[in-house]
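For reference, the structure is listed below as structure tokens.
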Amino acid sequence: MLRILLAALLQAVPADSGEVHLQNIRQLTFGGQNAEAYFSRSGRQLIFQRQAADTGCDQEFVMNIDGTGVHRVSNGRGRTTCGYFFADDRRIFYATTQHAGAACPPRPDYSNPRYDAEGTLSPDGATIVFTSLRDGDLDIYTMRIDGTHLKRLTRTLGYDGGPFFSPDGTQIVYRAWHPETATDSADYRSLIAQNLVRPVRMEIWVMDADGSHQHQVTNLGGANFAPYFHPDGKRIIFASNYKNPRSRNFDLFLVNADGLNLEQITTNTEFDAFPMFSPDGRHLVWASNRNGKVQGETNIFIADWVEQP
């Protein structure tokens with residue numbers, strides 16, 4: 001116990017000015033590229049993807065929320081992404097390229113023409129929501145955990161992805177970009193035909209779990225992505241570079257589900273993204289370039305969430 005407490009102390013990172021909702025920030029990973037850390041249902045573990053400096057290919061890892069017990073859970077073949085806890089934390093699911101070969105593939109976006117990824121689970125554990133290119137556009141689908149009852153939820157031309165259920169399972173928050181001009185549409189279709197996408201403009205959207213009542217929450221410009229509901233189901237946290245759309249300086253923002261009361265959560269000059277609240281709302285986990293030993297290093301951080309600063 002003493003060793004764990006000392007390790008936690010050594011990993012403490014001060015909050016930046018204005019980060020009033022974040023207290024007791026701890027750095028959980030060190031070195032390489034670490035991202036998309038998501039809580040288990042119990043709130044005691046995290047699954048995340050890691051690209052170690054000596055491997056060059058993302059694999060799925062699990063660790064305790066104090067940073068201990070780090071171990072790989074994917075098989076080491078191909079490239080993996082979007083890991084999520086499953087079956088009451090007894091299993092995990094993730095996206096992988098291993099069916100196309102055991103070697104690490106090159107980096108182009110959506111290079112697999114049968115792209116199925118970005119999957120997460122409904123609160124009751126019965127439904128997977130995910131992004132797919134199966135019908136020729138990047139859209140959001142749901143299916144039962146046994147693969148039955150597949151349903152396409154979005155149909156507007158453009159990218160719809162990164163979906164998460166609300167805490168009560170009645171809504172889905174996601175990121176989207178829909179071309180508004182003929183030129184944008186032609187450019188998007190040309191890229192999709194090459195199994196590519198240019199995700200530089202995205203806004204946050206919400207829809208009912210059956211795909212109805214799709215509506216835009218933010219209208220900020222830039223790239224707004226990685227949305228996740230606060231446990232109260234009334235607010236959404238997400239990452240955005242809208243203050244400087246040409247930069248990689250993404251910060252975390254909180255907004256009401258109706259688009260009102262936008263509040264900046266992180267103020268660090270480096271990349272902050274992929275936020276997720278713990279099930280009880282007491283902690284926030286996210287990926288950040290802050291405190292890196294080398295430029296561009298991305299690590300996982302966790303903080304106590306202060307509701308009323």
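Nothing fancy with the numbering, it's 1 onward along the sequence.
- One finds the CG atom of Leu157 at 10.0 Å from the CG atom of Leu138 (value rounded to the nearest 0.5 Å).
- The shortest side-chain heavy-atom distance between Phe250 and Asn268 does not fall under the 4.5 Å cut-off.
- Heavy atoms only, all atoms of each residue included: Ile236 and Pro227 are closest at CG2-CB, 3.9 Å.
- Smallest separation of non-hydrogen atoms from Ile300 and Thr29: N-OG1, 2.9 Å.
- Here the side chains of Arg79 and Gln51 are in contact, with some heavy-atom distance below 4.5 Å.
- No side-chain donor-acceptor contact under 3.5 Å links His178 to the backbone of Ala176.
- Inter-residue side-chain proximity for Phe93 and Ile128 is flagged as met; some heavy-atom pair is nearer than 4.5 Å.
- Within the structure, salt bridge (Lys or Arg N to Asp or Glu O under 4.0 Å) pairs that include any residue of residues 206-235 comprise Asp232-Arg235, Arg235-Glu307 (at least two apart or interchain).
- Checked by atom type, the side-chain pair Glu270/Asn249 shows no donor-acceptor distance below 3.5 Å.
- Between the side chain of Glu203 and the backbone N or O of Gly222 there is no donor-acceptor pair closer than 3.5 Å.
- A heavy-atom distance below 4.5 Å is found between the side chains of Ile65 and Leu46.
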Can Arg41 and Asp88 be said to form a salt bridge (Lys or Arg N to Asp or Glu O under 4.0 Å), step by step? CA-CA 7 Å; Arg41 177 172 289 194; Asp88 290 323; 2.9 Å; yes
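- Considering all non-hydrogen atoms of both residues, Ser122 and Asp124 come closest at OG-OD1, 2.6 Å.
- Rounding to the nearest 0.5 Å places CG of Leu121 at 13.5 Å from OH of Tyr38.
- Between the CG atom of Asn289 and the CZ atom of Phe271 there is a distance of 6.5 Å, given to the nearest 0.5 Å.
- Across every non-hydrogen atom of Val70 and Phe61, the tightest pair is CG1-CD2, 4.0 Å.
- The backbone N or O of Gly78 sits nowhere less than 3.5 Å from a side-chain atom of Thr97 that would complete a donor-acceptor pair.
- Linking Ile, Leu, Val, Met, Phe, Trp and Tyr whenever their side-chain heavy atoms come within less than 4.5 Å puts Tyr141 and Ile192 in one cluster.
- Judged purely by atom type and a 3.5 angstrom limit, Gln194 has no side-chain atom pairing as donor or acceptor with the backbone of Leu196.
- Of the possible polar contacts, none joining the His149 side chain to the Arg144 backbone as a donor-acceptor pair under 3.5 Å is found.
- The shortest side-chain heavy-atom distance between Thr266 and Asp16 does not fall under the 4.5 Å cut-off.
- The shortest side-chain heavy-atom distance between Glu36 and Thr81 falls under the 4.5 Å cut-off.
- Counting only distance, with no hydrogens or angles, the side chain of Thr218 and the backbone of Leu220 share no donor-acceptor pair below 3.5 Å.
- Note that CE of Met63 is 11.0 Å distant from CD1 of Ile47, once rounded to the nearest 0.5 Å.
- Under the salt bridge (Lys or Arg N to Asp or Glu O under 4.0 Å) criterion, Asp304 pairs with Arg26, sequence neighbours left out.
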Criterion side-chain contact (heavy atoms from CB on, under 4.5 Å) on Leu22 and Phe301, from CA distance to verdict: CA-CA 11 Å; Leu22 306 178; Phe301 294 79; over 6 Å; no
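- Ile172 contributes atom CD1, which lies 11.5 Å from atom CG of Asp160 (distance to the nearest 0.5 angstrom).
- Atom CD1 of Ile140 and atom OG1 of Thr131 lie 5.5 Å apart (nearest 0.5 Å).
- With no hydrogens or angles considered, a side-chain donor-acceptor pair links Asp116 and Ser132 at under 3.5 Å.
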Output, in order, the C-alpha distance, side-chain angles, deciding distance and verdict of side-chain contact (heavy atoms from CB on, under 4.5 Å) for Leu260 and Val255. CA-CA 6 Å; Leu260 299 178; Val255 69; over 6 Å; no
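- Residues Leu150 and Arg134 have side chains in contact (heavy-atom distance under 4.5 Å, counting atoms from C-beta outward).
- A donor-acceptor contact shorter than 3.5 Å is absent between the side chain of Glu118 and the backbone of Cys82.
- Scanning for salt bridge (Lys or Arg N to Asp or Glu O under 4.0 Å) contacts around Glu19 gives Arg290, with sequence neighbours left out.
- The residue from Thr298, Asp272, Asp251, Asn34 that alone fulfils the side chain to side chain donor-acceptor pair (under 3.5 Å) condition with Ser288 is Asp272.
- Residues Ser166 and Gln171 bring no donor and acceptor atom of their side chains to less than 3.5 Å of each other.
- In this structure, a donor-acceptor pair under 3.5 Å is absent between the side chains of Asp139 and Tyr159.
- Sparse packing is recorded around CZ of Arg282, with 12 or fewer heavy atoms of other residues, nucleotides or ligands lying under 6.0 Å away.
- For the pair Asn299 (side chain) and Phe30 (backbone), a donor-acceptor distance under 3.5 Å is present.
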Criterion ring pair (Phe, Tyr, Trp, His ring centres under 6.0 Å) on Tyr174 and Phe238, from CA distance to verdict: CA-CA 10 Å; Tyr174 59 105; Phe238 64 99; over 10 Å; no
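- Contact between Pro231 and Pro167 at its shortest, heavy atoms only, is O-CG, 3.6 Å.
- Figure legend: cation-pi geometry between Arg175 and Phe225 absent, as NZ or CZ is not positioned both under 6.0 Å from the six-membered ring centre and within 45° of its axis.
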Between Leu191 and Val197, does a side-chain contact (heavy atoms from CB on, under 4.5 Å) hold up when you go through it step by step? CA-CA 6 Å; Leu191 288 171; Val197 70; 5.7 Å; no
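- Checked against the 6.0 Å centroid criterion, the rings of Tyr242 and Phe253 qualify as a close aromatic pair.
- Annotation: side chain of Tyr94 is not in contact with side chain of Gln49 (no heavy-atom distance under 4.5 Å).
- Counting non-hydrogen atoms of other residues, nucleotides and ligands closer than 6.0 Å to CZ of Arg152 gives a total above 12.
- Here the side chain of Gln214 pairs a donor or acceptor atom with the backbone of Leu153 at under 3.5 angstrom.
- Applying ring-ring contact (aromatic ring centres under 6.0 Å, His included) to Tyr228 and the options Phe165, Phe274, Phe277, Phe164 leaves one that passes, Phe164.
- Closest heavy-atom contact between Asp89 and Ser42: OD2-N, 3.0 Å.
- By the criterion of side-chain heavy atoms lying less than 4.5 angstrom apart, applied directly or through intervening Ile, Leu, Val, Met, Phe, Trp or Tyr residues, Val129 is not grouped with Phe86; the two fall into different hydrophobic clusters.
- Ring centroid separation for the pair Trp305 and His283 does not come in under the 6.0 Å cut-off.
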